[in-house]
Amino acid sequence: MRVLITGGAGFIGSHVVRHFVNHYPGYIIYNLDKLTYAGNLENLKDIEHKPNYHFIKGDIVDRELLNALFDKHRFDAVIHLAAESHVDRSITNPLEFVYTNVIGTVNLLHAAKSLWIDNPQYKTPADRNLFYHVSTDEVYGSLGETGMFTEETPYDPHSPYSASKASSDHFVRAYHDTYGLPIVISNCSNNYGPNHFPEKLIPLCINNIKNNKPLPIYGKGENVRDWLYVEDHARAIDVIFHRAKTGSTYNIGGHNEWKNIDVVRLLCKIMDRKLGRPEGTSEKLITFVKDRPGHDLRYAIDSSKLQRELGWKPSVTFEEGLEKTVDWYLANEEWLRNVTSGAYQQYYELQYAGR
Ligand code: NAD
Ligand code: DAU
């Protein structure tokens, strides 16, 4: 099976690519990524020479490129993660989110349809075709003090990011309902773990604690997020990819709600211990700052459908996952240094040029 994974140089995508390359040596994995600021090929150093892995630098907004790639490689399945993913950036530059998240997704859907549905010469492989769209719980909007998002919760996005992801989800379903494209969608809660770009809350705080810089907490830090270790997300994608019914949707989450302020306090405690600083040192860095406009109060995912139907469950607790994450950042200072200095953006030219 030839599987196209988009956005595989990013945070979650790199874990998904590694998981599929290592667990399915019989599949050929093509990683298509534009290498925006969020794409980092150093994330995949350990598997880049495996014979079943291929990297393609390219933009999903480029329709001609996608059509040519589908024509040349005859992908049998797509796992689509490429996106602009940071809510704060969507507030300052919403159009970029429309181009990649909406138009890029429609381009991909169209290229898959042209090969799988419209081309009479294309033979469906022994298994099946599948367009797997990786989405977010943010499409459901914001919860009050109680309740959880289920697969039936109506969409109610608030930020340009979540509006663009909601739009892309609608297009994916439209291609299923209108053209019969075999699709599946999953909506996951907040991920954390190794290789997370240090603009997002957890890696930003790890980096700032290390460097004795302020820890900016939006508003009062009362907003709640439901955190999942990134490798558990990759395992969920594997299970859904192989076993979900075409046309279905699954929520993915760890049943692990935390107020932002409590996450940051826990991180401070772990970091003080690991850095040999007296307990309470890092908490002094906490700084309350102006709130994010339209800041969703609370996310909580009900993933019981996935657990019941496909037997997936998270494998690490939040405390274990945070310890592992902090250990990874402390052991990979060079990764963090290259990201913060911008040196990671030269990796493609240095390693791939002329290949
Ligand atoms: P990320 O920002 O870390 O990575 C995105 C990747 O997509 C980068 O490698 C980037 O170079 C690539 N990309 C961006 N625009 C592109 C384009 N036009 N063409 C090709 N490649 C492009 O994102 P992430 O946090 O790993 O999220 C991956 C996916 O998972 C996204 O679709 C996101 O909406 C979804 N998601 C993320 C989370 C989370 O907590 N991070 C939770 C649920 C769902
Ligand atoms: O819920 C899934 C979503 O989780 C994904 O779809 C997004 O791609 C991903 O970025 C993430 O979105 P959030 O906005 O929840 O993540 P972020 O790390 O930016 O923020 C987490 C919470 O912390 C949020 O309530 C805002 C707050 N925050 C964030 C930053 C960067 C702060 O208080 N201070 C900060 O500096």
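Below, all heavy atoms of this structure are taken into account, side chains as well, without hydrogens, waters or symmetry copies.
Exactly one residue among V263, L285, L215, T281 makes a side chain to side chain contact (heavy atoms under 4.5 Å, CB included) with C268. That residue is L215.
Nearest heavy atom pair, residue I301 against residue S189, reads CG1-CB, 4.0 Å. Summarising the geometry of S135 relative to D169, their closest heavy-atom pair is OG-OD1, 2.9 Å, with the distance given to 0.1 Å. P194 and H15 get closest at one heavy-atom pair: O-NE2, 3.0 Å. In terms of heavy atoms, L44 sits closest to G8 at CD1-O, 3.3 Å.
For the residue pair N67 / D71, no side-chain donor-acceptor distance below 3.5 Å is found, with atom types taken as modelled. Defined by atom type and a distance below 3.5 Å, a donor-acceptor pair is present between the side-chain atoms of H80 and T105. Using a 3.5 Å distance cut-off with no hydrogens or angles, the side chains of Y37 and E199 do pair a donor with an acceptor. Of the N and O atoms on the side chains of N223 and Y218, not one donor lies less than 3.5 Å from an acceptor on the other residue. For the residue pair S315 and D232, a side-chain donor N or O sits within less than 3.5 Å of a side-chain acceptor on the partner.
Atom-to-atom distance recorded for H23:NE2 and F20:CZ is 9.5 Å, nearest 0.5 angstrom. With rounding to the nearest 0.5 Å, the separation of CD1 in I56 from NE2 in H54 is 8.5 Å. Distance check, rounded to the nearest 0.5 Å: NZ of K210 to SG of C205 gives 14.0 Å.
Proximity of F131 to I79: side-chain heavy atoms (C-beta onward) are nowhere separated by under 4.5 Å. Looking at heavy atoms from C-beta onward, Y299 lies in side-chain contact with E138 at the 4.5 angstrom threshold. In this structure, the side chains of V264 and I286 come closer than 4.5 Å at one or more pairs of heavy atoms. The shortest distance between side-chain heavy atoms of F197 and N40 does not fall below 4.5 Å. Looking only at side-chain heavy atoms (C-beta outward), I60 and N107 stay at 4.5 Å or farther from each other. Considering only heavy atoms from C-beta on, I29 stays 4.5 Å or farther from I47 through its side chain. Residues V224 and L297 are not in side-chain contact: their nearest non-hydrogen atoms beyond the backbone lie 4.5 Å or more apart. The shortest distance between side-chain heavy atoms of V184 and F241 does not fall below 4.5 Å.
With side-chain heavy atoms closer than 4.5 Å counting as contact, directly or through intermediates, L350 stands alone and belongs to no larger hydrophobic cluster.
Legend: residues meeting salt bridge (charged side-chain N to carboxylate O under 4.0 Å, His left out) with K200, ordered by chain and number and at least two apart, are absent. When the side-chain hydrogen bond (donor to acceptor under 3.5 Å, both in side chains) test is applied to H176, no partner is found at least two apart in sequence or on another chain. Applying the ring pair (Phe, Tyr, Trp, His ring centres under 6.0 Å) rule to Y27 yields the partners Y24, H242; only residues at least two apart in sequence or on another chain are considered. Contacts of Y250 classified as ring pair (Phe, Tyr, Trp, His ring centres under 6.0 Å), with partners at least two apart in sequence or in another chain: none. For H110, the ring pair (Phe, Tyr, Trp, His ring centres under 6.0 Å) test picks out no residue, with sequence neighbours left out.
Checked against a 6.0 Å centroid threshold, the rings of Y161 and H86 do not count as neighbours.
For E145, the CD atom counts as loosely surrounded, since its 6.0 Å shell holds 12 or fewer non-hydrogen atoms of other residues, nucleotides or ligands. Within a 6.0 Å radius of CD in E334, no more than 12 heavy atoms belonging to other residues, nucleotides or ligands are found.
Between F318 and Y192, the ring planes lie perpendicular to each other; the angle is over 60°, past the 30° to 60° tilted range.
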